Amino acid sequence: MFYIFCPYCGEHREEEEFHPKGQAHISRPEDPEATSDEEWGDYLFFRDNPRGVHHELWVHAVGCRKFFNITRHTVSYEILEVYKMGEQPSITAENYAAQQGAASADKERNASQAKHQEGVRA
Amino acid sequence: MSNAQQFDTRLVGEHAGEIAVESPLAYSMHRSGAPKAKADTTVTLRERAFLGHLTLRGGAIVLDEALRDVLGMSLPGEPLGLVQDEAGERSIQWMSPDEWLLIVPGGEEFDVERRLREALGDAHFAISNVSGGQTLLELEGEAAREVLMKSVAYDVHPRHFPVGKGVTTVFAKASVILRRPSEERWELVVRRSFADYTYRWLLDAGEEFGVGVER
């Protein structure tokens with residue numbers, strides 16, 4: 001179970017109060033008329049499934065009923081960051097890897113990370 | 001300039017009394033019974049039916065001004081806040097960053113709504129009368145907190161849930177608005193359609209504490 005901090009209620013709540021709503025930061029193409037079928041299909045149907053840092057949209061369904069974003073590590077399930085709608089994440093896959101690399105110079109770990117695939121990026 | 005009108009849906013004149021008004025729990029108490037308080041009763045359950053529930057939505061600043069004008073009350077300053085007037089008859093609870101629940105004595109809601117609409121004028125807001133859709137249950141007594149601990153995942157320890165706090169959370173798989181207006185008293189605002197379920201759950205959960213129903 002997750003114990004999620006709701007940025008609007010300002011406190012941690014049980015996961016059963018929330019619903020996940022999929023990948024965050026998906027924007028509708030600004031000019032649908034000029035969008036190719038392939039781009040439109042990507043927008044509608046294709047989602048990232050990364051191994052590692054992932055940005056997700058959640059809603060505090062039984063609570064304040066507001067949507068917000070969570071940055072979560074899909075391997076450790078650790079919630080790295082919670083931020084409101086309209087804000088940008090401070091932790092991304094790129095800078096997280098850099099931070100982790102600096103924090104642990106463990107060769108074995110690096111070797112095993114290299115072996116894993118990065119998951120699927122849409 | 002205001003075109004606020006009053007929509008009082010109660011029957012008046014010769015039609016008054018044609019339709020019996022029944023609380024959401026009337027049938028439940030008839031069907032499931034309402035155990036009386038005994039000597040070893042440590043939790044009391046009562047329904048405060050027919051109160052006026054208004055959902056206010058809009059900006060905090062304009063709503064706060066209108067409420068000060070109309071009721072002499074201000075919005076809770078913090079998220080999860082609950083404020084009451086001195087008599088404890090009227091309360092305003094934070095529901096969401098742009099939503100508050102105002103509860104007033106029954107029958108007053110029509111007039112309060114009209115006066116709020118007049119005070120708000122052309123501001124961007126919404127007021128919904130949800131009185132018929134929900135009801136208020138009260139749990140009182142030393143075991144009230146223990147009954148809640150059996151029913152909600154939310155932490156109801158006094159350190160985490162002081163007087164003057166109110167949250168929306170999961171109560172026995174249903175949703176409930178849980179609030180604490182005083183030390184010994186807890187209020188549950190439940191949906192009308194879930195009132196029977198909640199009532200029967202509370203009778204069952206309160207059995208070991210000799211729950212007594214006041215009616």
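What's counted below: heavy atoms across the whole structure, side chains too, no hydrogens, waters or symmetry copies. What you see is a predicted model; the values in this text were computed from it and never measured.
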Proximity breakdown for A:Glu14 and chain B, heavy-atom pairs closer than 4.5 Å
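For A:Glu14, the side chain is the part near chain B, not the backbone.
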
Grab the two heavy atoms, one from B:Pro97 and one from A:Cys64, that are nearest each other, plus how far apart they are.
CD-CB, 4.4 Å

Highest number of heavy-atom pairs under 4.5 Å with chain B among A:Glu16, A:Arg65, A:His60, A:Arg13 belongs to A:Arg13

Salt-bridge contact B:Glu99-A:Lys66 (side-chain N to carboxylate O under 4.0 Å):
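Looking at A:Lys66 together with B:Glu99, the answer is no, because their closest N to O distance does not fall below 4.0 Å.
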
Hey, is [atom1] on [X] packed in by over 12 heavy atoms from elsewhere, all under 6.0 Å?
{"X": "A:Leu44", "atom1": "CG", "value": "yes"}
{"X": "B:Glu207", "atom1": "CD", "value": "no"}
{"X": "B:His30", "atom1": "NE2", "value": "no"}
{"X": "B:His124", "atom1": "NE2", "value": "no"}
{"X": "B:Gln6", "atom1": "CD", "value": "yes"}

Residues of residues 166-197 of chain B under 4.5 Å from chain A (heavy atom pairs)?
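Near chain A, by residue number: B:Val167, B:Thr168, B:Thr169, B:Val170, B:Ser175.
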
Give the interface residues of residues 66-93 of chain B toward chain A, defined by a heavy-atom separation under 4.5 Å.
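B:Pro79, B:Leu80, listed by number.
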
Please walk me through it: do A:His12 and B:Asp155 pass side-chain contact (heavy atoms from CB on, under 4.5 Å)?
CA-CA 10 Å; A:His12 283 84; B:Asp155 183 4; over 6 Å; no

A:Glu11 CD to B:Tyr154 OH distance, which is reported to the nearest 0.5 Å:
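The OH atom of B:Tyr154 is 3.0 Å from CD of A:Glu11, to the nearest 0.5 Å.
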
